[in-house]
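In what follows, a structure is listed as C-alpha cells, so that the remarks can point back to it.
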Amino acid sequence: MKRTSLGITGLFFALFTIITCMSSCEVVHTYKAEVTVVDASGDPMSGVTVTTNVNVNTAHVVYRSGTTDSSGKVNFSYDNVAILKVSAYTDVYHGEGLLVLVEDEEVEITVVVYN
C-alpha cells in the first residue's frame, strides 16, 4: 500500500512539474497594422507610398515602407509595441496619421491625403 501511495505521489509531482514548465514558455505576441489611404472625397487611393517611423534612438527598428494596393490598403507587422507616425505621400498628395500598436490585434487606421 505504501509503494502505491509513493508511486502516485511521484507521478503527481512529475505531471505538476511538466505542466508548470510548459505554461511558463515564452509567448510570441504579434503587432499588426492595416493602413487605408483615401483622398478628401473618401475614395481609396492606390500607388501611395506609406511609411511608419518613430523619432527615437533605440535598438528596435520600427521603420516600414509599403505601397497601397487597388483598395488603398497596405499591411505592416512589427516585433514590439510602439506609437508610430504614419506618412502617406505621392508627388502630389500628402497625409499623416498616428498609429498605436496593440498587442495581438490588427490595428486599422485611415489616412486622408490632400494635395
Side-chain angles (χ1 to χ4, degrees):
M1 188 74 167
K2 270 188 168 179
R3 287 184 116 184
T4 306
S5 298
L6 186 60
I8 291 173
T9 304
L11 180 62
F12 176 74
F13 181 72
L15 287 173
F16 177 77
T17 304
I18 291 170
I19 291 171
T20 302
C21 289
M22 286 175 51
S23 65
S24 66
C25 294
E26 187 174 331
V27 177
V28 176
H29 296 284
T30 58
Y31 305 91
K32 296 182 178 182
E34 180 180 82
V35 179
T36 304
V37 179
V38 297
D39 62 11
S41 303
D43 298 323
M45 294 194 58
S46 64
V48 178
T49 302
V50 178
T51 61
T52 63
N53 204 1
V54 61
N55 192 17
V56 294
N57 295 325
T58 64
H60 300 291
V61 177
V62 293
Y63 176 82
R64 300 287 189 277
S65 181
T67 304
T68 58
D69 60 13
S70 61
S71 62
K73 298 180 186 287
V74 63
N75 293 24
F76 299 111
S77 63
Y78 303 88
D79 298 330
N80 55 316
V81 68
I83 299 173
L84 305 168
K85 176 183 173 183
V86 178
S87 296
Y89 56 90
T90 65
D91 292 338
V92 179
Y93 293 94
H94 181 75
E96 294 181 344
L98 185 67
L99 174 63
V100 180
L101 297 175
V102 178
E103 184 176 55
D104 297 329
E105 291 182 22
E106 183 174 40
V107 179
E108 298 176 358
I109 67 164
T110 301
V111 176
V112 181
V113 292
Y114 301 95
N115 59 351

Taking C-beta and beyond as the side chain, do [X] and [Y] meet within less than 4.5 Å on heavy atoms?
{"X": "Ser65", "Y": "Thr49", "result": "yes"}
{"X": "Tyr63", "Y": "Val54", "result": "no"}
{"X": "Glu103", "Y": "Tyr31", "result": "yes"}

Which atom pair, heavy atoms only, marks the closest approach of [X] to [Y]?
{"X": "Gly95", "Y": "Val113", "value": "N-CG1, 3.7 Å"}
{"X": "Ala88", "Y": "Val111", "value": "CB-CG1, 4.0 Å"}
{"X": "Ile109", "Y": "Val86", "value": "CD1-CG2, 3.8 Å"}
{"X": "Ser70", "Y": "Ser46", "value": "CA-CB, 3.7 Å"}
{"X": "Thr51", "Y": "Tyr89", "value": "CG2-OH, 3.9 Å"}

Judged by modelled atom types alone, do Lys73 and Thr36 share a side-chain donor-acceptor pair under 3.5 Å? yes
hydrophobic_cluster_shared for Leu84 and Val107, side chain cutoff 4.5 Å: yes
What about Val35 and Val100, same hydrophobic cluster or not, with Ile/Leu/Val/Met/Phe/Trp/Tyr joined at side-chain heavy-atom distances under 4.5 Å? no
Do other residues, nucleotides or ligands put more than 12 heavy atoms under 6.0 Å from the CG atom of Asp104? yes
Rounded to the nearest 0.5 Å, what separation is found between the [atom1] atom of [X] and the [atom2] atom of [Y]?
{"X": "Met45", "Y": "Tyr93", "atom1": "CE", "atom2": "OH", "result": "5.0 Å"}
{"X": "Ser71", "Y": "Glu34", "atom1": "OG", "atom2": "CD", "result": "7.5 Å"}
{"X": "Asn53", "Y": "Arg64", "atom1": "CG", "atom2": "CZ", "result": "10.0 Å"}
{"X": "Asp69", "Y": "Asn75", "atom1": "CG", "atom2": "CG", "result": "8.0 Å"}
{"X": "His29", "Y": "Asn80", "atom1": "NE2", "atom2": "CG", "result": "12.0 Å"}

Suppose we screen for side chain to side chain contact (heavy atoms under 4.5 Å, CB included). Which residues come up paired with Ser41, at least two apart in sequence or across chains? Asp39, Asp43
What pairs with Leu98 under side chain to side chain contact (heavy atoms under 4.5 Å, CB included), at least two apart in sequence or on another chain? Ile83
Could you tell me whether the side chain of Asn115 and the main chain of Val92 form a donor-acceptor pair under 3.5 Å? no
Before you tell me yes or no, could you show the steps for Val50 and Thr68 under side-chain contact (heavy atoms from CB on, under 4.5 Å), namely the whole-Å CA-CA distance, both residues' side-chain angles and the distance that decides it to 0.1 Å? CA-CA 7 Å; Val50 178; Thr68 58; 3.8 Å; yes
Check side-chain hydrogen bond (donor to acceptor under 3.5 Å, both in side chains) between Tyr78 and all other residues, then give those that pass, not counting sequence neighbours. Thr52
With sequence neighbours left out, the residues meeting salt bridge (charged side-chain N to carboxylate O under 4.0 Å, His left out) with Glu108 are none
Holding to salt bridge (charged side-chain N to carboxylate O under 4.0 Å, His left out), I want the full list of residues that pass it with Glu96, two or more places apart in sequence or in another chain. Lys85
Share the residues that join Val112 in a hydrophobic cluster, the rule being Ile, Leu, Val, Met, Phe, Trp or Tyr side chains under 4.5 Å apart at the heavy-atom level. Val38, Tyr114
